[in-house]
Amino acid sequence: MATKAKQPDEPAAPRAVEDGGMGELEKVRSILFGEQIRAYESRLAQVEGVLNGRIDALRGDMMERFDAMEASIKALAGRLEERLDGEGAQRAGSDAERRAEIAEVGNRLQAAEETLGQRLDAVAQEHREALKARADALMDTLTARVNELSHNLQHTHTQLDANKIDRVQLAAFMNQLADQLKGGAADGA
């Protein structure tokens, strides 16, 4: 039982050490590791200071780079905007030039159409006059031919009438001769 009695006492001892020993444990640690801890804390503070300095330097460098990049992008955007404005003005000028060229071509076409219309009218008038002259010449030729044929027909008609008269006269003469022959034969019978 003595061992059993010690068991409740043993946990109480570490508690006492823990309760009151915390300060002592710190003292022991401080004595054993104090110098090393202070050296580590000093090195850690130096490293922290160096890291903070480097972080600040990197932050400053990054800010400078971002500012430079932003300025470069703004400058590029400005140049692009100027170029686009220039191209837009050039296109507007080109469009105006094209419109003027199209208007000029339209005017030329209209003038050519008018000139062609006048030429066609003149050629048509010349052809009308030439056709009229040919028609008049043909009419004169036909009139002369009709007159000639009419004259020939008249002449032929006159000859036929004369021949008819000659035949009538010949027939009368022949009848008279026949009568005479009949009468002479009757006298001689």
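Throughout, numbering of the chain's residues begins at 1 and tracks the sequence. All values reported here derive from a predicted model rather than from experimental measurement.
Defined by atom type and a distance below 3.5 Å, a donor-acceptor pair is present between the side-chain atoms of Glu129 and Gln125.
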Can you list the steps and then say if Gln180 with Gln176 is a side-chain contact (heavy atoms from CB on, under 4.5 Å)? CA-CA 6 Å; Gln180 283 179 4; Gln176 190 180 29; 4.2 Å; yes
Should Arg59 and Asp56 be marked as a side-chain contact (heavy atoms from CB on, under 4.5 Å) after you check the CA-CA gap, both sets of side-chain angles, and the distance that decides it? CA-CA 5 Å; Arg59 185 176 288 131; Asp56 289 341; 3.4 Å; yes
What verdict does the side-chain contact (heavy atoms from CB on, under 4.5 Å) test give for Leu120 and Leu116, after you've listed the backbone C-alpha separation in whole Å, the side-chain angles of each residue and the deciding distance to 0.1 Å? CA-CA 6 Å; Leu120 285 174; Leu116 184 61; 4.3 Å; yes
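With respect to the salt-bridge test (charged N to carboxylate O, under 4.0 angstrom), the residues Glu148 and Arg145 qualify.
Rounded to the nearest 0.5 angstrom, Leu76 CG and Met69 CE are separated by 12.5 Å. To the nearest 0.5 angstrom, Asp136 atom CG is 10.5 Å from Thr141 atom OG1. To the nearest 0.5 Å, atoms CD (Gln118) and CG (Asp121) are separated by 8.0 Å. Rounded to the nearest 0.5 Å, atoms CZ (Arg54) and CG (Asp61) are 13.5 Å apart. From Ile73, atom CD1 reaches atom CG of Leu80 across 11.5 Å, with rounding to the nearest 0.5 Å. With values rounded to the nearest 0.5 angstrom, Leu153 atom CG is found 11.0 Å from His151 atom NE2.
Ser72 places no side-chain N or O within 3.5 Å of a backbone atom of Ala68 that could act as its donor or acceptor partner. Thr143 places a side-chain N or O within donor-acceptor distance of the main-chain N or O of Met139, the cut-off being under 3.5 Å.
In terms of the side-chain contact (heavy atoms from CB on, under 4.5 Å) criterion, residue partners of Glu48 (sequence neighbours excluded) are, by chain and number, Asn52.
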